[in-house]
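For the single chain, residues carry numbers from 1 onward in sequence order. Side-chain atoms are counted along with the backbone in the values below, which use heavy atoms only and exclude waters and symmetry mates.
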Amino acid sequence: MDYTGYIITEEQKDIRDMVNEFATRQIMPRAAEFDVKGELDWESYNKACEMGLLCPDIPEQYGGSGMDAMTSSIIRGDAGLGLTLSGNGLGIKPIMLAGNEQQKQRVADIILSDKPGRDPRWPQKRFGFAAFALTEPDAGSDAGACRTTAEKAGDEYILNGRKCFITNAPYADIFTVIATIDRSLGYKGLTMFLVDAHAEGVSIGKHEDKMGIRQSATSDIILENVHVPAGNRIGAEGQGFPMAMKTLEQGRAAIGSACCGVMRAAYETAIKYAQERTTMGKPIYKNQGILFKLADMQIAIETTRQFGLYVAALVDAKDPQASVLGPIAKTYASDALQKVVTEAVQILGGYGYMRDYPVEKLMRDAKIFQIFEGTNEIQRMIIGNNGIKANRIKN
């Protein structure tokens, strides 16, 4: 299919410009301060929610904006704050994909309702939070090794287990949790549940002190004899794994956008510095070595942007190629990001290593994109196997 329509519309440009102006004026001047603190900038976060940037793809019938993947993919800002926003979308995505109407409306009401003082633990919190709980200490890339159990007991399930590295866990009102109904079944025993984060038996582990994306909160979730109504099961028993994979597939459409935002910030800092910094009587961009670095950064940014928009268009069209190209886009974008931020630091030299300049933070933020939502090593396994399937020699 020809997706020439991934050239963005005037309306999408207006949304992009509005968000970029908000990020430049409100978010970025405060980003370094909250990075050092390792805390969320609640003022900026709440303003972003007021602008409709909280789960913007929730359909209008449930009270959301109904924003498509293409439009969502052109929005950028601070990586940590952006991940906090998008983590909510990841948390409710399984419900929007496979939940019933009652479940969809329930989570939309929780996420989108503006209730100041709704959580005594976080007095700054106004809007709802969700978290996607898949990873465990012994089950990261291998989801089939899941140890969190769901035992059926009458008209409910009893969940026991521990999840780790869960984005938004401390703030969450709801979790979508993968648990096994029978460990001997491996992947086929995995089942998805909607869990009330405030239910008895649910507790949160320590706040992880991360290298980057430090505005994003990451913690363990501990489940001890948590009673979950059978009506909170998402889809059928044994369907948790394909639901989780579909959730991550769609999430990867936004990875290119996030990577592109970090790249742009690094490039803009580097090119400004290259014009201002002089050595041997001339700006350093007039040295071919520096100019080539800036050119390669532009190539990476534009390639990532266009590929990301293409995959987003496939997602919107519900084209199965999205699941094939999504891993390629995620892997390319996050690998290219590493090169861009490294070159930005190199162009700034010693200054690039200092916290007085933003590229040091951008370099720390960038690393996680090669790890989360499926490591790039796992993506390459998927890409390679997809290639074999598509070009299998018939004997």
| query | Okay, side chain of Asn232, backbone of Val195: is any donor-acceptor separation there less than 3.5 Å? | reply | no
| field | Smallest separation among heavy atoms of Val340 and Ala300, with atom names | value | CG2-CB, 3.7 Å
| query | So, do Asp138 and Glu136 sit near enough that their side-chain heavy atoms are less than 4.5 Å apart? | reply | no
| query | Would a distance-only check, ignoring hydrogens and angles, find a side-chain to backbone donor-acceptor pair under 3.5 Å from Arg106 to Ala108? | reply | no
| message | Using only atom types and a distance under 3.5 Å, with no angle test, would you say the side chain of Asn287 pairs donor to acceptor with the backbone of Gly289? | response | no
| With no hydrogens and no angle check, is any side-chain donor or acceptor of Arg121 less than 3.5 Å from a backbone partner on Pro170? | yes
| field | Contact summary for Ile371 and Lys330, nearest pair of heavy atoms | value | N-NZ, 4.1 Å
| request: Quick one: pull up CD1 in Ile234 and CD in Gln103 and give me the separation to the nearest 0.5 Å. | output: 6.0 Å
| message | Just so I know, are the side chains of Ile284 and Ile347 near enough to count as touching, which here means a heavy-atom distance under 4.5 Å? | response | yes
| request: Please report the shortest heavy-atom distance between Pro56 and Leu53, naming the atom on each side. | output: CD-O, 3.6 Å
| request: Using modelled atom types only, decide if a donor and an acceptor are shared between the side chain of Asp68 and the backbone of Thr71 within a distance under 3.5 Å. | output: yes
| request: List the steps, then state whether ring pair (Phe, Tyr, Trp, His ring centres under 6.0 Å) holds for Phe129 with Tyr45. | output: CA-CA 12 Å; Phe129 276 80; Tyr45 179 84; 5.1 Å; yes
| query | Using 30° and 60° as the class limits, which term best fits the ring planes of Phe307 and Tyr332: parallel, tilted or perpendicular? | reply | tilted
| request: Using a cut-off of 6.0 Å, state whether more than 12 heavy atoms not belonging to Phe165 lie near its atom CZ. | output: no
| Does the distance from a Lys or Arg side-chain N to an Asp or Glu carboxylate O, for Asp173 and Lys115, drop under 4.0 Å? | no
| request: Looking only at non-hydrogen atoms, find the nearest pair between Cys55 and Ile111 and report the distance. | output: SG-CG2, 3.9 Å
| query | Run the salt bridge (Lys or Arg N to Asp or Glu O under 4.0 Å) check on Lys47 and Glu43 step by step: do they pass? | reply | CA-CA 6 Å; Lys47 286 183 179 179; Glu43 179 183 324; 3.4 Å; yes
| note | side chain to side chain donor-acceptor pair (under 3.5 Å) test vs Asp35 passes for just one of Lys361, Arg364, Arg355, Arg30, namely Arg364
| request: Of all the heavy-atom pairs spanning Asp316 and Ala69, show the shortest one and how long it is. | output: OD1-N, 2.8 Å
| query | Do the side-chain N and O atoms of Glu343 and Tyr267 include a donor-acceptor pair separated by under 3.5 angstrom? | reply | no
| said: If I take atom CD1 from residue Ile178 and atom CG from residue Leu134, how far apart are they, to the nearest 0.5 angstrom? | reply: 6.0 Å
| field | Main-chain N/O of Ser113 paired to Arg118 side chain as donor or acceptor, under 3.5 Å | value | yes
| query | Gln215 side chain to Asp41 main-chain N or O, any donor-acceptor pair under 3.5 Å? | reply | yes
| request: Return the minimal non-hydrogen interatomic distance between Ser216 and His207, and the atom names on each side. | output: O-CE1, 4.4 Å
| query | For Asn225, what residues pass the side chain to side chain donor-acceptor pair (under 3.5 Å) criterion, not counting sequence neighbours? | reply | Asn160
| query | Do Lys210 side-chain atoms and Gly38 backbone N/O form a donor-acceptor pair below 3.5 Å? | reply | no
| query | Excluding sequence neighbours, so at least two apart, what forms side chain to side chain donor-acceptor pair (under 3.5 Å) with Asn168? | reply | Asn88
| Quick check: does any side chain N or O of Ser219 sit under 3.5 Å from a backbone N or O of Lys206, one acting as donor and the other as acceptor? | yes
